[in-house]
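Read the structure below first, then the notes.
Keep in mind it's a predicted model, so treat the numbers as computed, not measured. Counting convention: from 1, in listed order, for ligands and their atoms alike.
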Amino acid sequence: IGGTAVTAQAENTGSTDSKGGSLDQSLVFDRDDFTEKTESIADASGVERSVTYRFYKARNYVTHPSDSAHQSLVVSVPVKIDGRTVHASSAPIVLANAVGGYMPSSVADAAGVGQTRLEMTGMGGGLPSGMPSGMPPGGMDGSGAGGTGAVNGMVNLGKLALVAGYVVVEPGTRGRSLTDSSGTYYGTAPAVIVDLKAAVRYIRANKGRIPGNVERIVSTGTSAGGASSALLGASGDSKIYEPHLREAGAADASDSIFATGAWCPITDLEHADGAYEWNWGTLPTQTTGKTVDRSVSKELQSQFAEYQARLNLRGLKGSGFGKITARNYDAYLLKQYLQPSATKYLAALSDSERETYLAKSTFIAWKNNQAAFTWEGYLAHVAQRKKPQPAFDAFDLSAGENNEFGKGATKARHFTAYSAKNDTTGLGGKRVDSDIPEKLQLMNPMFHLLEKRNPNRSKHWWIRLGASDTDTALTVAANLAMAAESLGDDVNHAYYWDKGHATNEDPGDFIKWVARVTG
Ligand code: DHB
C-alpha cells in the first residue's frame, strides 16, 4: 500500500507555490475542508475493502475559469483500509481523468471518489461511432475485468487507486460541445490539455497541503482520456501552452508528471486517417456493412506509408525489428503484440474451452502453447471497421474530431489538408485554417516526443489497447510506445485479446506497476 508514514505536519498554512512565488488565495488548498466517508470498494483482485477517506469536494484549479463547473477538481485521501491506518502523505498521486469523446467532464456534483460525470449528451452527428450517450467514465465496452472498482462493468481507476492507498485527484475538464451564450465553442482544442495541466500545476503549487508526493503524479485516462493522458505526459512544462495557462489563471508551477497510463489513446489525430485505412481499410464498416471507397483508402494509406517512414521508429527492444515501416508493421504487430496476446488468452483457458475456441477460430495455429496466425487471418477475425472514411477528419465534418478542432462560432473544422481538399460541405476545397498547425502541436504527444524530445516528459509509460479496438489504428498506440522508448523511457505496452474499445483487463498489474515505478 502506497506511501511511507510521514507523521510530521507539513508547512501548509502559507500561500506560496512550489517555486516560492505567491499563490493566489483562491488556489490555496484548504486541507481541513473535507468530509470523511467510508465506502466498500473492490480492489484490483475484486476483493471488497472498507475504505475510509477524506473527500475534498470540487474546487477550481484556475483563478479565471471560463467554466467553473468544469475547471474544478476533487481530491480523495485514504485514511483507513479495512481498519488499518494508511499514511498517504507521501503516496503517489493518481490524476484520474474521465475524458471520453473529447467531451466535457465534471466533478461539480461528485460526492465521493469515482463520480466524475462525462457529458455525452448532445453529441449529435459528432458521436464517436459505437459510443452511446451516458457512457460510463472511461468508455463504453463493459467487458473489462469484473468487480474492480467498476462502473457498469468498467474499471474505475480513481476508486482502484484509492483502495490501493494512493491519493486520487479527479479533474473536470472542458470539452468540445460547450458553447457560451453567444454560441462560441470554448471547450475545443486545446481546452482539455490546458485544463489537465492547470490541475497538475494546482497540485504542485499545493505541495504539503494536498497529501501525497507531488513528484510522483501518475496520470490515467481512456480513449480521448488516454490521448489526453499521453499528451499530458509528453508535454510536461512545454512553453507552447503558456498563453493558455496564463489566460485561465493556472498556478505558476511545473506541469510535468512522473508516469503516464493511457488506455486506447485516440491520438495523433492528423495522421490517424491514413493509419486507419492502412490497418482496417479492407474491412466493411460496422454501420453499413459495405467496404469503403478503395481509391480514398489507397491515397490515405500512401500518406501513412510516408508518415511512418518519416517517423524513423524502431521496434521495441527485444522485438528483433529495426525500422518499422508500412511494409513490416503488420509483421511487427503480429509478433510483438497480437500473437502474444492471443497466446496469453488461450493459455488461460481450460483445455476444453481452448479446443472450442480454436475450433471456431481456424485462423489460429496452436503449437507448443503458442498462437500463430497471419495478418489477413487476424483482420478477418476482427471482421468490421467501426468508422466510416476518413475516420477522423470526415469530408462532411461529421466526426467528433472535426468538432474538437472547432473555433469561435464554427462547430467543426477540417484539420488535415486531404480532407479540407475533399470537403463536401461547400467550403470549396480550401486549405485548413491558419491556426490549425499550432493546434495540432498543442494536441499531439508525438510532437513533444519526437520533434521536441521534451526533457520534462514523463519517463514511464503504461499503454494498453484491445486487440479488436477499431476506434483507431493499432499503430497509433504502438507508435507512441516506440517514440517514448526511442528517448530511453520505460515503456510497458500490451494488447488485450478479443477486447474492444475502452477495456482494461489488467488493472491489478497497473496498480503494481505504479507502486514499482514510483517506489
Ligand atoms: C473516443 C472514441 C473515438 O472513437 C474517438 O474518435 C474519440 C474518442 C472515446 O471513446 O473517448
Side-chain angles (χ1 to χ4, degrees), residues 96-105 116-121 123-144 151-155 157 173-177 187-189 191-193 196 220-232 261-277 279-280 285-287 382 384-394 397-406 412 415-416 419 443-445 464-466 468-477 480 499-504:
N97 82 60
V99 175
Y102 288 101
M103 294 295 277
S105 60
T116 316
R117 194 162 43 84
L118 178 57
E119 290 155 22
M120 301 302 261
T121 46
M123 285 185 41
L127 187 82
S129 31
M131 282 208 317
S133 56
M135 178 176 122
M140 52 77 62
D141 188 333
S143 52
V151 178
N152 301 344
M154 281 304 303
V155 174
L157 287 163
T173 49
R174 291 168 296 168
R176 63 181 168 86
S177 61
T188 53
V192 64
I193 184 63
L196 290 177
T220 66
T222 301
S223 196
S228 309
S229 183
L231 179 58
L232 188 66
W263 285 260
C264 53
I266 304 283
T267 192
D268 201 8
L269 298 172
E270 66 271 37
H271 303 111
D273 288 334
Y276 199 91
E277 295 309 317
N279 200 151
W280 313 118
T285 58
Q286 216 168 59
T287 38
V382 174
Q384 286 182 323
R385 55 187 278 164
K386 192 184 262 184
K387 297 193 168 180
Q389 175 197 57
F392 294 90
D393 190 351
L397 293 171
S398 64
E401 284 73 13
N402 293 120
N403 179 204
E404 177 60 4
F405 287 99
F415 53 93
T416 65
S419 289
M443 293 302 289
N444 197 333
R464 290 292 183 274
L465 186 60
S468 301
D469 187 342
T470 62
D471 273 55
T472 191
L474 304 181
T475 60
V476 170
L480 182 64
K499 291 295 179 291
H501 189 55
T503 43
N504 184 350

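- Those atoms of ligand 1 with a heavy atom of Asp471 less than 4.0 angstrom away are 2 (C), 3 (C), 4 (O).
- Residue contact check: Glu401 has heavy atoms under 4.0 Å from atoms 5 (C), 6 (O), 7 (C) of ligand 1.
- Ligand 1 places these atoms under 4.0 Å from at least one heavy atom of Phe392: 6 (O).
- Under 4.0 Å from ligand 1, the heavy atoms of Lys387 that appear belong solely to its side chain.
- In this structure, Thr285 contributes its side chain and Arg385 its backbone to no donor-acceptor pair below 3.5 Å.
- Checked against a 3.5 angstrom limit, the closest N/O atoms of Gly101 and ligand 1 fall inside it.
- Between the Asn403 side chain and the Ala412 main chain, no donor and acceptor come within less than 3.5 Å of each other.
- Side chain of Asp393 to backbone of Phe415: a donor-acceptor contact under 3.5 angstrom is found.
- By the 4.0 Å N-to-carboxylate-O rule, Glu277 lies too far from Lys387 to be salt-bridged with it.
- In terms of modelled atom types and a separation under 3.5 Å, the side chain of Asn504 and the main chain of Val155 share no donor-acceptor contact.
- The N/O atoms of Ala224, backbone and side chain alike, include one that comes under 3.5 Å of an N/O atom in ligand 1.
- The N/O atoms of Tyr102, backbone and side chain alike, include none that comes under 3.5 Å of an N/O atom in ligand 1.
- Residue-ligand proximity, Gly100 to ligand 1, at heavy-atom distances under 4.0 Å covers atoms 11 (O).
- Side-chain atoms of Asn97 come within 3.5 Å of backbone N or O of Gly225 as a donor-acceptor pair.
- Residue Lys386 places no heavy atom under 4.0 Å from ligand 1.
- Between the Ser228 side chain and the Ala224 main chain, a donor and an acceptor come within less than 3.5 Å of each other.
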